[in-house]
Trainee: 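The structure under discussion is supplied below as structure tokens; questions concerning it will follow.
We count ligands from 1, going down the list as the structure has it; atoms in each ligand are counted the same way.
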Amino acid sequence: MAKKSGYLHGYSKKEQQRLYKQARFLEKYVYNGVNLKKNKNLIEVGCGVGAQTEILLEHFPKLKITCVDASFEQLKQAEKHLKKQIKKNKVDLSLQNAMQMDFKNNTFDSSFLCWFLEHVPNPVKVLKEVYRVMKKGGVIYCTEVKNSSFFVDPYSPTILNYWFHFNDVQWLMGGDPFSGAKLGNWLKSAGFKKIETKVVSLFLDSRDKKTRAAFLNEWTALMLSGVPALLKEKRITHRLVKELKREITILKKTKNSVFYFAFVQARAVK
Ligand SMILES: C[S@@+](CC[C@H](N)C(=O)[O-])C[C@H]1O[C@@H](n2cnc3c(N)ncnc32)[C@H](O)[C@@H]1O
């Protein structure tokens, strides 16, 4: 089937708020190992509503961040959220397509891309563009999903069925829900050196009920964010959504339920 372009999660207020919650929720996993202490001039590509920008500045207050996103709605929300940081000249927002940015060569000493490359039709083209605008010796961090890693117990056929359609529609929209596994290849093709990748596993069961419950809630919000697009594509029915919610409730109530998901974080140098 031919690929179309689009953004699976959409730009509703609810989805924009989900991005803030998601960024905070995953902060300790995403930022463990990110070191930008020596950097001053960072480009954040696919910044969305500025959820990571805010966290980046908390961890690395010396940074000045240029945020790029192709969506006016996302940047409008980012402008509200980052009002103080923009006033202090710590953040610039720039409405651009990451595949062809209007910055000069060798402008930034670092870059940060999070949950973004999975949504673009040509990730290597984007990475080549990021490479171009970075200074020699600059460092890039990319964090991406690997959706085939998702596992839950007890066996939940409707969740699995829904997850297949969620990923398939993202794929047909021109994205790549398995992008984490390809980061090493993509960074190499774009010209980056010293590429390091690490798989971050979220493996939760009855040993840590509180975190498991929190993850199941986050995951429910992520899965349900795709419902309007999947209904529009006629991939699912309202009946399936009802059954999906029933299975999720079972997972949440089962004493020994298991949640597993892995994502990949890469660091490389120009
Ligand atoms: C899932 S959001 C991630 C936002 C942010 N990095 C975060 O972690 O909260 C992906 C963002 O990529 C943006 N995007 C998609 N394609 C783009 C492109 N070609 N150029 C720039 N931004 C793009 C979307 O508008 C969206 O805001």
Trainee: I want to know if ligand 1 touches A70 in the polar sense, i.e. an N/O pair below 3.5 angstrom.
Mentor: yes
Trainee: Need the ligand 1 atom indices (1-based, order shown) with element for anything under 4.0 Å from a heavy-atom of G48.
Mentor: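 Checking each atom against G48, I get 4 (C), 27 (O).
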Trainee: Looking at S71, which atoms of ligand 1 are within less than 4.0 Å of one of its heavy atoms?
Mentor: 25 (O)
Trainee: Verify whether one side chain among N147 and N167 offers a donor that lies under 3.5 Å from an acceptor in the other.
Mentor: yes
Trainee: Contact between ligand 1 and V68 is defined here as a heavy atom of the residue under 4.0 Å from a ligand atom; is it met?
Mentor: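 Judged by the 4.0 Å heavy-atom criterion, V68 does not count as contacting ligand 1.
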Trainee: Under 4.0 angstrom from ligand 1, any heavy atom of H119?
Mentor: yes
Trainee: Got a sec: does the NZ of K135 have more than 12 other heavy atoms crowding it under 6.0 Å?
Mentor: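 Correct, the count exceeds 12.
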Trainee: Please work out which of G175, A23, A51, G46 has its closest non-hydrogen atom nearest to atom 5 (C) of ligand 1.
Mentor: G46
Trainee: Heavy-atom distances under 4.0 Å decide this one: backbone, side chain, both or neither, for Q96 against ligand 1?
Mentor: backbone
Trainee: Which heavy atom of H81 sits nearest a heavy atom of V49, and at what distance?
Mentor: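 Result for this residue pair: CB-O, 4.1 Å.
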Trainee: Looking only at heavy atoms of Q22, does any of them come nearer than 4.0 Å to an atom of ligand 1?
Mentor: no
Trainee: Starting at CG of L113, measure out to OG1 of T143 and round the result to the nearest 0.5 Å.
Mentor: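 Taking CG in L113 and OG1 in T143, the distance rounds to 8.5 Å.
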Trainee: Parallel under 30°, tilted from 30 to 60°, perpendicular over 60°: which one fits the rings of F112 and Y141?
Mentor: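 Plane angle between 30° and 60°, so tilted.
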Trainee: Are F151 and F261 near enough that their ring centres are under 6.0 Å apart?
Mentor: no
Trainee: Would K270 and Y131 count as a cation-pi pair here, with the cationic atom under 6.0 angstrom from the ring centre and within 45° of the axis?
Mentor: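 That pair qualifies as a cation-pi contact.
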Trainee: Using a 4.0 Å cut-off to any heavy atom of W115, which atoms of ligand 1 qualify?
Mentor: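 Checking each atom against W115, I get 1 (C), 2 (S), 3 (C), 8 (O), 10 (C).
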Trainee: Any N or O of C114 that comes nearer than 3.5 Å to an N or O of ligand 1?
Mentor: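 Yes - when backbone and side-chain N and O of C114 are compared with those of ligand 1, one distance drops under 3.5 Å.
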Trainee: Going by the atom numbers of ligand 1, which of them fall below 4.0 Å from some non-hydrogen atom of Q52?
Mentor: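 Checking each atom against Q52, I get 7 (C), 8 (O).
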Trainee: Using side-chain heavy atoms (C-beta onward) and a distance below 4.5 Å, is K188 in contact with K193?
Mentor: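 Side chain of K188 against side chain of K193, heavy atoms only: no contact under 4.5 Å found.
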Trainee: Number the atoms of ligand 1 from 1 as they appear, then name those within less than 4.0 Å of a heavy atom of C47, with their elements.
Mentor: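 Heavy-atom distances to C47 below 4.0 Å select 4 (C), 5 (C).
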Trainee: For atom 26 (C) of ligand 1, which of the options I55, V45, V126, D69 provides the nearest non-hydrogen atom?
Mentor: D69
Trainee: Indicate yes or no for a side-chain donor-acceptor contact from T211 to the backbone of D208 under 3.5 Å, with no hydrogens or angles considered.
Mentor: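 Judged by distance alone, no pair lies under 3.5 Å.
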Trainee: Please could you name the atoms of ligand 1 that N97 approaches to less than 4.0 Å, counting only its heavy atoms?
Mentor: 18 (C), 19 (N), 20 (N)
